[in-house]
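Every chain is numbered from 1, with letters handed out A, B, ... down the list of sequences. Only heavy atoms go into these numbers, but all of them, side chains included; no hydrogens, no water, no symmetry mates.
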Amino acid sequence: MPDTLTDTAVDVAGLTVRFRSKRSSTTALDDVSLRVEPGAFISIVGPSGCGKSTLLKVIAGLVAPTTGSVSLLGEPVTGPMRTIGFAFQRAALLEWRGVRKNILLQAEMRGMNKARAGVRADALIELTGLSGFEEALPHELSGGMQQRVALCRALLHEPPVLLMDEPFGALDALTREQLNAELNRIWRETGTTILLVTHSIAEAVFLGTRVVVMSPRPGRLVRSLDVDLPAARDYAQVMTDPTFGTLTRQIRELLGSAESH
Amino acid sequence: MPDTLTDTAVDVAGLTVRFRSKRSSTTALDDVSLRVEPGAFISIVGPSGCGKSTLLKVIAGLVAPTTGSVSLLGEPVTGPMRTIGFAFQRAALLEWRGVRKNILLQAEMRGMNKARAGVRADALIELTGLSGFEEALPHELSGGMQQRVALCRALLHEPPVLLMDEPFGALDALTREQLNAELNRIWRETGTTILLVTHSIAEAVFLGTRVVVMSPRPGRLVRSLDVDLPAARDYAQVMTDPTFGTLTRQIRELLGSAESH
Amino acid sequence: APGGAQEDGDGGGGAPADADKVTLTLNWVPYGEHAPFYHGVAQGFYADEGIDLEIKPGNGSGTTIQAVAQDQTTFGWADTPPLLKGIAAGMPVKSVGVFLQKGPASLEFLSDQKITSPADLKGKTVGGTPGDAMYATFPAWLKANGLSASDVTVVNMDAANKIAQLAEGQVDAIMGFFHDQGPTIEARTGKQVDYLLYADSGLNMLGTGIVASEQTLSDKADLVSRFVRATQKSWAEAVKDIPAAAQAMADNAENEPPLEVLIQQLELAEPLLQLDSVGAPGVNTEQQWADTIELMSQYAELENAGEPSAYWDGSHAGGSGS
Amino acid sequence: MVTSKDVQPADRPTPPAPASRFDLGARLLRFLDALWRPAIVLGALFVLWWIASENEWMPHYLVPTPGQVWDTIAGDWSSLMYHSYVTLYETVIGFLLASVLGLATAVLIAYSRTMDKALYPIVLFAQVIPKIAIAPLLVVWFGNGLAPKIMLAVLIAFFPVVVSGVAGLRSTDPELLELSATMGASRWQTFRKIRFPNALPHLMAGEKVAVTLAVVGAVVGEFVGASEGLGYTLLLANGNLDSAMLFAALFLMSLIGILLFVVVEVLEALLIPWHASRRTATPLTTS
Amino acid sequence: MVTSKDVQPADRPTPPAPASRFDLGARLLRFLDALWRPAIVLGALFVLWWIASENEWMPHYLVPTPGQVWDTIAGDWSSLMYHSYVTLYETVIGFLLASVLGLATAVLIAYSRTMDKALYPIVLFAQVIPKIAIAPLLVVWFGNGLAPKIMLAVLIAFFPVVVSGVAGLRSTDPELLELSATMGASRWQTFRKIRFPNALPHLMAGEKVAVTLAVVGAVVGEFVGASEGLGYTLLLANGNLDSAMLFAALFLMSLIGILLFVVVEVLEALLIPWHASRRTATPLTTS
Ligand SMILES: Nc1ncnc2c1ncn2[C@@H]1O[C@H](COP(=O)(O)OP(=O)(O)OP(=O)(O)O)[C@@H](O)[C@H]1O
Ligand SMILES: Nc1ncnc2c1ncn2[C@@H]1O[C@H](COP(=O)(O)OP(=O)(O)OP(=O)(O)O)[C@@H](O)[C@H]1O
Ligand SMILES: [Mg+2]
Ligand SMILES: [Mg+2]
């Protein structure tokens, strides 16, 4: 993995992003700084509209900072970065392609070996429970199925850095847990650096090596909490771990939430 | 409320829905029967792709049953029903209208009193934390904000029956809890019959008078669980209620999930 | 009546292998006036002069003259007034002999209009095509006949559209070539057509003739001579045996009018050659040219008119210009 | 408007899938089903024409009877076929060139702000000049061969392709472009796999207009200077007041236009089976 | 291609919002900014023409010099203005009629399968017949007044409106139609508030083609029978081999076409400021 060569996989420094329209000006991110070591798994939680998606897009080089700077794998971000995998908040599928071909878009764009990409796509389809729908067009899929397709697409090329924007939001608890476990395994096995936006505090703690809590708009980093759990995690086990309880309670308080997860 | 005059608000009998394309045929729902008494709050949980959205669409008269029949407020469903409010899984906003005008679409289509609808829209915008974004176009909103706009739109006309397809899926825990509480209040005060699809077991139990658990595709009703909690609910309180714990555990088991909610 | 004009000529119609390939672009789509060319090909008059002639339909004299000027065709068959305009505008072309010496420009109308003299036109509507010579000299023609411009209403229309409008009664009369349109209208609609010739009211301008470019005239003078000779012979022979000429055209031209219309058109064209006064077809006098130039300068905005020699090289056709 | 047939989701007409291409029987049936309505309408028009012309509501030299037109077509069959072939040839070449050039121009305009500002005025300029007015110039410059006719067909068919191409290319969902950027896609890849397929529904609307205009372009070219083609036939018929021939030529031109239009429609159905416009609305939603 | 100006999200060009309408200074600047590129291109073409004509690369009877054209325009100013006015009038009326009728037809076709199958062939038939061929018939039937010119403008501008209207109306997201249905919206409401605004981006592409074609239609109508209008001027100039007048008429026609096109573009910008095609891509995404 190239990211092991640098000491920071993602470095966000003094990042401010302001969207200005004639009507109004919205400060999405306000002076955000974040260093992510290679191989880390950062969970990002925060209220809706606080700039989580914007943060990921800035790191991917899709939105430019108003002030501040970002670097990825030691390289300054000045335009779209191809060293990442991005799972967008909306599935963003090509409506004219079937499930399998939507996933393989990643391979085509990157000029990956066709046969190997095909095998991997099939494995991911199997893994996410999409078997039997390989040829189905996006409009023939349920919301959760669309999201799983987007997830497969982001994972296909085993990128050194994965940016995931609520990739499990439309999934039921069971599927979500299964995929969480899979993601944990993939992360451990490949050493991928992952930034995951989620609204589930349990998921944030279960997956992350660190949980970053953001404030309501304008988004600021409120706190960064290390998750002191072994890398290999199992839901039933983690749930009962006192660290898990402490952390979720802490995050919940930071967010002002009453729920126990 | 008209629904108090009939003894069933929603009556689904022997419903099967099959989607057939040249490629394949998918059975989305298989022999589903469901009676909903007026004023009930039904939470529907089930794995992704099991036909939850399809069920709501059949009840709304947007998808026709392959076999079986549906009636709404005593009336057989043979076409789109206007006695409902529908919050779709995708926000389905008009990209050319600002937030407020997107919400007011409901009023315009139904010929509601303009002034009163405007006041109500403003109240809902306030309630869902969208103040300051009244004129923003959908593409200028975050995912969660878009979903809140769709929610406001579905609530605007105080329909006798509300069909909600994961209306809080893209929201953070805090906002979600607040809106859950609001929905609980609205439901109690108006006597609206509500069918809510959700992936959060806690939410299902917190809100519902009954939780319906569905099986993986082809979707069948696995179990219907009554929630024996007082109508007026408070998160902190409900969480600690032993009924809540029992029920969530039971549903979790039915779904095969490990998480405690 | 399709067919290869070169293949089926009787009496040596086929041109020798080393013959000069020559194209002649007509002034319009085929009508009876063009029969002599087909006759000439069929009879081998062109082949005898070492010419392999291809006849192409045209789309108005102006366009034909331009095609000659641009060297897209060897010769053109075009009306004289537009030729004068073209040369005055700088086109490097010249006439090598006008065949229809009496201009066919005329007013045509249905016989049931009971128009017998120009005076009867008072209060009528007349269709014309802006820009053509008939249109330009129409006021003069009115004046020559004691009428004023306000006595008739002129309606402007596209050339191709005139006959339909006349037949439909949208206009009472049209400005046109009687020997072309008259027989066509009669044959199609069964309505009799009468006409008044401009030439009969003192407005005689030269009609259609052969046009060549300056380039051809200087580089291939011999070819021009041969072509004119063959054409003169073709015309002379054609008017002697009009049915045969019409038949040759019917056999070899495409989408031509019916045979009886062709015959009628050629019969009407014959007097315009004025063979009794000039002897051979296509032989003009300096005076004819001077008169036409004078009329055009006076009525049709022909500027810096100049001498006949600027427009006409009569040396190939014989007669006074040579 | 909800028939019992409509309300079955299972009966929902679905886009032709690979497998269906071989299902010839069903396709034929669908084809025939699509035909009877236009057949009735055109049949009605035909009968009206027949009655009007046979009774001479309009004189025959203006509007011939179907019989006369039929006789003309049958009588001059081979020559008319030849002229039709010429026009068809010019039209097809012109249309193909216009499609290629139009798309290329649309790409330049959609991709580059500079090109947009620089090219659009020229394209627009070329469009607003009446082609019939410059046709003579083209003939003068390019002779009487096929070139000026094809050029006119191109000139006239070009603009709709450009306009719809630009509209289509620009309407790409920005998020799909972001997606493509994160994949490190080259401009060409983004074009080929995202922007172009996305533009197809727009583009095909433009192509449909273009193909019918290409016929007109070829015919106009033949008007001005030609010795073959249906435009030439038309001109001759006009000069001879031969209404039967005129109608025959018009009929054949229309046939060419309709034929090519149908070809483009079939192509559209094959290229964008996925598009919302090719699905019917969800069963019960009839408005 | 990423300039420092481009990368600031705050500098992102945004759709004109209500407030901006009064920001005249900025609008003027943007307008001027939009003008210099076409000005350079057209200027270059002009200089080329100048050199070519002054040096007589082409004879003057084919291509006049700019000076000659200028003299003609200046000399015949008031008469040319009058003829331009006539053509403009016919064009505008024809375009408006074509828009209304075209949209109505598109609605019928998009809404009803029966109408689709029944109307499309007729519309198509009317489109593929060369208008120049039937212009004489129109004149014969409707006389030499304004009617046939406007009718030709309508006939020629109609089709693009229909095709793009149908494409636009059909491309509505099925989910929005479902939404509308659950609101108990009438067909008319669904049309006005959902389908129509959704179709606008498509439709405006069609309108842009239509408006330029309307000019051509009016001019063709004037060719066939008129005593005023630029088509008439053109015919006259053609007959007189007056290339300067011919170019002057062509120039004015083009001006009318471009002017009307720009009007439609401005209308588009006002009607669909929200559309993706009017936003620029997300700042850093340049492909
Ligand atoms: N293209 C844009 N133009 C204008 N404002 C924007 C744009 N994109 C985002 N914003 C604004 O920036 C803020 C942050 O948006 P962002 O999508 O990053 O939120 P988020 O944290 O992802 O929220 P959610 O959890 O709801 O997805 C919001 O207030 C939003 O309105
Ligand atoms: N229009 C359609 N055409 C074909 N198949 C469809 C269509 N809509 C839904 N399906 C299929 O029906 C099944 C149920 O879909 P549905 O959207 O009801 O699932 P869901 O329970 O809402 O799932 P999720 O939780 O992921 O939203 C899926 O397998 C899906 O592929
Ligand atoms: Mg987001
Ligand atoms: Mg769903």
Novice: Between E:H202 and D:H202, how do the two ring planes meet: parallel, tilted or perpendicular, split at 30° and 60°?
Specialist: parallel
Novice: Side chain from CB out, backbone as N, CA, C, O: work out which of these in E:F251 comes under 4.5 Å of a heavy atom of chain D, or both, or neither.
Specialist: neither
Novice: At a heavy-atom separation under 4.5 Å, does D:V162 approach chain E through its side chain, its backbone, both, or neither?
Specialist: neither
Novice: Please round to the nearest 0.5 Å and tell me the distance separating atom CZ of E:F159 and atom NZ of D:K208.
Specialist: 8.0 Å
Novice: Are the side chains of D:V128 and E:I256 in contact, using a 4.5 Å heavy-atom criterion?
Specialist: no
Novice: Should E:V216 and D:Q127 count as side-chain neighbours, where that means a heavy-atom distance under 4.5 Å?
Specialist: no
Novice: Heavy-atom distances under 4.5 Å only: say whether D:Y120 touches chain E with side chain, backbone, both or neither.
Specialist: side chain
Novice: D:I129: what forms a side-chain contact (heavy atoms from CB on, under 4.5 Å) with it, not counting sequence neighbours?
Specialist: D:F125, D:I134, E:L250, E:S254
Novice: Which residue out of D:L234, D:T212, D:V63 racks up the most heavy-atom pairs below 4.5 Å with chain E?
Specialist: D:T212
Novice: Name the region of E:I258, side chain, backbone, both or neither, that has any atom closer than 4.5 Å to a heavy atom of chain D.
Specialist: both
